[in-house]
Amino acid sequence: MCAGEKFVETKNNRRILVVESDDDVAREWRSILAQNGYQADSVTAIPDALERVSAGGCDMVILDMDVAASKGMPILESFRKESAGPSLPIIIAVNINLRPILVKAIDVNFDDYLIKPVDGIELLSRVTSVFRKYDLECELARRSEELQKARQDLKQKESHLIQSAKLAAIGTLAASVAHELNQPLAVIRGTTQMMLLEKHHNESCNTDLETVLLQSGKMSKIIDHLMDFSRRGQDERTVVDINRTVHDALAFVHQQLAKRGIAVIFELADKLTGVMANRTQIEQVFLNLILNARDALDGKQSPTLRVRTRLMSRPEDIREAHAKAPKQIRTPINRRGYVVIDFIDNGCGISPEHISRIFEPFFTTKPAGRGTGLGLSVSANIVRDHAGWISVESNPQAGASFSIFLPVAPRWHR
Ligand SMILES: Nc1ncnc2c1ncn2[C@@H]1O[C@H](COP(=O)(O)OP(=O)(O)OP(=O)(O)O)[C@@H](O)[C@H]1O
Ligand SMILES: [Mg+2]
């Protein structure tokens with residue numbers, strides 16, 4: 001076939017770079033390729049070709065091995081390394097008298113070859129078939145990525161389900177245990193109060209009775225809390241007072257934190273706007289973050305957890321915070337603003353290689369039996385279900401700072 005004849009109707013506009021030292025050959029190939037809908041260009045030297053490839057200026061290279069031979073076979077790998085895409089298609093062209101070069105090049109990775117002099121039909125059919133193969137490979141990679149994502153989604157949903165089922169089971173158990181404990185405790189408290197009213201005890205006995213009353217009062221509060229926790233429906237959403245929920249979550253683990261010498265500093269905003277939320281789930285999220293901070297503070301000097309609540313309503317602040325949210329758990333912006341809850345600890349921090357993975361289900365750095373790696377993924381799912389997100393910042397050894405963004409409820413709900 002001669003230059004000027006058309007082989008197939010193609011309007012694909014793909015860019016082909018011919019690396020060829022013989023001007024006549026380069027011109028002829030460019031013309032054949034251009035006639036058939038490709039954008040063909042040529043260079044004569046390897047450095048120019050590599051520069052073009054690294055700038056993303058072509059979709060395929062046809063490389064004359066006369067030019068390439070001066071640089072040795074590894075030059076093919078250099079082309080692949082320079083290209084930004086998954087794998088740049090390369091066709092090599094070899095003079096008929098240089099066949100041995102072709103044999104050597106077989107060890108190296110290329111997509112097809114041409115033996116010069118090249119017939120136009122052959123040139124086009126090789127180019128077309130290499131592009132077809134390349135397209136199929138790209139499609140395969142895209143589909144397997146989709147499959148991977150679907151599997152990950154499924155895994156996440158599964159863990160969410162497990163967590164919900166666990167919560168429901170704990171709720172039922174908590175309700176029945178709390179109910180059973182409530183009665184004997186009421187008897188203990190009543191009897192103690194009556195004994196305190198009797199005048200004939202000595203002072204030390206009265207002090208002991210007051211201790212019993214004080215401690216049983218604390219038990220009664222815990223029981224009330226458990227009953228409250230289990231009574232609330234799993235999907236029920238109401239206007240939630242976030243400051244109160246922070247206190248409730250901390251009340252659960254207050255003793256544990258105190259025992260480890262962890263100081264809790266509250267910086268809670270006055271008159272915080274309410275959010276429409278499921279209180280149980282939000283409390284669960286707070287608990288997960290508090291327990292993570294507890295673990296991260298293990299063995300640290302002056303272990304401290306700062307819990308801060310604030311209202312974010314300036315559009316520029318919202319945009320900035322939204323841009324910093326991890327992509328996989330980011331939800332669309334809510335123009336009414338966000339109630340933000342920060343949990344800031346001065347614990348061990350998170351290393352840069354781990355920080356992008358902490359929201360993955362089952363990712364944990366804790367020893368077997370200490371962590372399931374579900375806390376943050378479940379929390380991120382819950383917050384996402386509430387149209388919010390969780391952000392994290394951390395410097396290893398300097399602690400971690402988690403921020404939960406929950407959208408402000410519409411005015412008629414507040
Ligand atoms: N405040 C924190 N400081 C340092 N690392 C943290 C902090 N919070 C989370 N991490 C890291 O993120 C990982 C994942 O946390 P996640 O809560 O999902 O699971 P886990 O705490 O390991 O297990 P569990 O399922 O019991 O919560 C942790 O193993 C830890 O490496
Ligand atoms: Mg955890």
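In each ligand, atom 1 is the first atom listed, and ligand 1 is the first ligand listed. These numbers were taken from a predicted model, which means no experiment stands behind them.
Distances from the Mg ion (ligand 2) show that N292 has an N/O/S atom below 2.8 Å.
Side-chain atoms of N334 come within 3.5 Å of backbone atoms of G337 as a donor-acceptor pair (strictly under, hydrogens ignored).
The residues D345 and R306 are annotated as not salt-bridged, no charged nitrogen and carboxylate oxygen being separated by less than 4.0 angstrom. Under 4.0 Å is where a charged nitrogen must lie from a carboxylate oxygen, and between D295 and K366 at least one such pair does. The residues K133 and D112 are annotated as not salt-bridged, no charged nitrogen and carboxylate oxygen being separated by less than 4.0 angstrom. A salt bridge is defined here as a Lys NZ or Arg NE, NH1 or NH2 lying under 4.0 Å from an Asp or Glu carboxylate O, and K155 with E158 fails to meet this definition. Classification of D248 and R244 as a salt-bridged pair holds, one side-chain N sitting under 4.0 Å from a carboxylate O.
Atoms of ligand 1 found under 4.0 Å from any heavy atom of G349, numbered from 1 in the order shown, are 4 (C), 5 (N). Within ligand 1, the atoms closer than 4.0 Å to a non-hydrogen atom of A296 are 2 (C), 3 (N), 4 (C), numbered from 1 in the order shown. In summary, the atoms of ligand 1 found under 4.0 Å from a heavy atom of I358, numbered by their order in the structure, are 11 (C), 12 (O), 14 (C), 18 (O). When each atom of ligand 1 is checked for a heavy atom of A400 under 4.0 Å away, the hits are 1 (N), 2 (C), 3 (N). Distances below 4.0 Å separate heavy atoms of T364 from the following atoms of ligand 1: 20 (P), 22 (O), 29 (O). Using a 4.0 Å cut-off to heavy atoms of I350, the atoms of ligand 1 that qualify are 4 (C), 5 (N), 6 (C).
Looking at R384 and T331, their side chains never bring a donor and an acceptor atom within 3.5 Å of each other. A donor and an acceptor atom, one from each side chain of K271 and N243, are nowhere located under 3.5 Å apart. Between the side chains of Q397 and K300, at least one donor-acceptor pair of N or O atoms lies under 3.5 Å.
Residue-to-ligand polar distances place T365 within reach of ligand 1: an N/O pair is separated by less than 3.5 Å. The shortest N/O to N/O separation between L374 and ligand 1 falls below 3.5 Å. Ligand 1 has no nitrogen or oxygen under 3.5 angstrom from a nitrogen or oxygen of F402.
Atom 21 (O) of ligand 1 has as its closest protein heavy atom K366 NZ, 2.6 Å. At the shortest separation from atom 16 (P) of ligand 1 among protein heavy atoms lies L376 N, 3.5 Å. Regarding atom 25 (O) of ligand 1, its nearest protein heavy-atom neighbour is T372 OG1, 2.3 Å.
Counting heavy atoms under 4.0 Å from ligand 1, residue D345 touches it through the side chain alone. Neither the backbone nor the side chain of F343 has any atom closer than 4.0 Å to an atom of ligand 1 (non-hydrogen atoms only).
Using a 4.0 Å heavy-atom cutoff, G347 is absent from the residues neighbouring ligand 1. Distances from ligand 1 to the non-hydrogen atoms of H354 include no value under 4.0 Å.
Judged by the 6.0 Å and 45° rule, R14 forms a cation-pi pair with F131.
Within the set N292, D295, V392, L297, the minimum heavy-atom distance to atom 9 (C) of ligand 1 is found for N292. In this structure, of C348, A293, G373, the residue bringing a heavy atom nearest to atom 19 (O) of ligand 1 is G373.
Side-chain contact between F286 and I242: present, with at least one pair of heavy atoms (C-beta onward) separated by less than 4.5 Å.
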